[in-house]
Amino acid sequence: QVQLVESGGGLVQPGESLKLSCVISGFTFINYAMSWYRQAPGKERELVADISTLGTITNYADSVKGRFTISRDNPKKTVYLQMNSLKPEDTAVYYCRADGRAPGVRGMSFWGKGTLVTISS
């Protein structure tokens, strides 16, 4: 059974930090690029950050560049999103996504169910 389980969401004040985790099971983690998306109320789901299979290449949305860091621990089958200097506009449900890159799994993708992050005073 394929599973992507996010955790670490919650309520924090502006300027504080939060670290999200996504634990993978049911597929070969190293064969998949990973990413974090978010969706705020009334808005489209947007890409926040992504990371290549070995963790050597990362990309960030302009809105989070310099504040967020994506990383992965392949032996632990976990991808992280470290979020610093949080702003109210970062409030959203954050989703973990896996995209197949190895020849046998290209075109396959999976979504987690999301974790809610709320930044408010």
Side-chain angles (χ1 to χ4, degrees):
Q1 184 178 0
V2 173
Q3 285 191 293
L4 291 75
V5 181
E6 302 98 332
S7 63
L11 174 64
V12 296
Q13 297 183 36
E16 294 184 339
S17 297
L18 204 60
K19 189 172 185 177
L20 306 182
S21 299
C22 178
V23 179
I24 308 303
S25 63
F27 60 92
T28 304
F29 185 56
I30 198 171
N31 289 341
Y32 289 77
M34 301 297 300
S35 59
W36 288 95
Y37 285 72
R38 68 185 182 187
Q39 188 166 23
K43 299 183 68 176
E44 297 290 323
R45 189 172 297 188
E46 64 174 346
L47 177 65
V48 176
D50 58 47
I51 188 166
S52 59
T53 56
L54 296 179
T56 55
I57 303 171
T58 57
N59 296 286
Y60 299 91
D62 288 341
S63 59
V64 308
K65 199 169 299 181
R67 299 188 297 120
F68 290 13
T69 303
I70 188 171
S71 62
R72 65 191 293 162
D73 187 332
N74 285 345
K76 293 182 179 179
K77 298 181 179 180
T78 303
V79 61
Y80 304 95
L81 186 67
Q82 176 66 50
M83 304 183 293
N84 298 327
S85 302
L86 284 162
K87 305 174 180 179
E89 50 263 46
D90 294 319
T91 296
V93 176
Y94 284 71
Y95 298 90
C96 181
R97 175 184 166 98
D99 290 274
R101 292 288 183 265
V105 296
R106 287 172 186 164
M108 297 184 67
S109 62
F110 306 98
W111 288 96
K113 290 182 170 59
T115 185
L116 177 63
V117 173
T118 303
I119 299 88
S120 176
S121 298

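- Legend: residues meeting ring pair (Phe, Tyr, Trp, His ring centres under 6.0 Å) with Y37, ordered by chain and number and at least two apart, are W111.
- The minimum heavy-atom distance linking L18 with G10 is given by the pair CD2-N, 4.1 Å.
- R97 has no carboxylate O lying under 4.0 Å from a charged side-chain N of D50, or vice versa, which leaves the two without a salt bridge.
- Residues passing the side-chain contact (heavy atoms from CB on, under 4.5 Å) test with K65 are Y60, D62, sequence neighbours excluded.
- What you find for A92 and Q39 is that their closest heavy atoms are CB-O, 3.4 Å.
- Other residues, nucleotides and ligands place more than 12 heavy atoms under 6.0 Å from the CD atom of E89.
- Residue pairs that meet the side-chain hydrogen bond (donor to acceptor under 3.5 Å, both in side chains) test with at least one member in residues 19-36, sequence neighbours left out, do not exist here.
- Looking at E6 and K113, no side-chain N of the basic residue comes within less than 4.0 Å of a carboxylate O on the acidic one, giving no salt bridge.
- Counting heavy atoms from C-beta on, the side chains of N84 and Q82 come closer than 4.5 Å.
- The two residues S85 and S17 come nearest to each other via the heavy atoms N-OG, 4.2 Å.
- When the side chains of ILVMFWY residues are joined at heavy-atom separations under 4.5 Å, either directly or via intervening members, V64 and V117 end up in a single hydrophobic cluster.
- Between the CD1 atom in I51 and the CZ atom in R72 there is a gap of 6.0 Å [rounded to 0.5 Å].
- Following chains of ILVMFWY side-chain contacts shorter than 4.5 Å, one can reach M108 starting from V2, so the two form part of one hydrophobic cluster.
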One pair to check against side chain to side chain contact (heavy atoms under 4.5 Å, CB included): F29 and V23. What are the steps and the verdict? CA-CA 10 Å; F29 185 56; V23 179; over 6 Å; no
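- In this structure the side chain of M83 never reaches within 4.5 angstrom of the side chain of D90, judged on heavy atoms.
- A98 and F27 make their closest contact through CB-CZ, 3.8 Å (heavy atoms, listed as atom of the first residue, atom of the second, distance).
- Cluster membership for V48 and V12, using ILVMFWY side-chain heavy atoms within less than 4.5 angstrom, is shared.
- Under a hydrophobic-cluster definition in which Ile, Leu, Val, Met, Phe, Trp and Tyr are linked whenever side-chain heavy atoms come within less than 4.5 Å, directly or via other members, V93 and I119 are assigned to different clusters.
- Put simply, I70 and F68 are part of the same group of oily side chains (I, L, V, M, F, W, Y) that touch within less than 4.5 Å, one to the next.
- The minimum heavy-atom distance linking S121 with P14 is given by the pair OG-CD, 3.7 Å.
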The test is side chain to side chain contact (heavy atoms under 4.5 Å, CB included); show your working for L54 and I30 and say whether it passes. CA-CA 7 Å; L54 296 179; I30 198 171; 3.9 Å; yes
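- The nearest pair of heavy atoms linking V79 to M34 is CG1-CE, 3.9 Å.
- L20 CG to Y94 OH: the interatomic distance, rounded to the nearest 0.5 Å, is 7.5 Å.
- Here CG of L86 is found 6.5 Å from CZ of R67. Values are rounded to the nearest 0.5 Å.
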Would I24 and C22 count as a side chain to side chain contact (heavy atoms under 4.5 Å, CB included) if you check the C-alpha gap in whole Å, the side-chain angles of each, and the deciding distance to 0.1 Å? CA-CA 6 Å; I24 308 303; C22 178; 3.7 Å; yes
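- Side chain to side chain, D99 and S109 fail the donor-acceptor criterion of an N or O pair below 3.5 Å.
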How far apart are the C-alpha atoms of T115 and S7, what are their side-chain angles, what is the distance that settles it, and do they pass the side chain to side chain contact (heavy atoms under 4.5 Å, CB included) test? CA-CA 6 Å; T115 185; S7 63; 5.8 Å; no
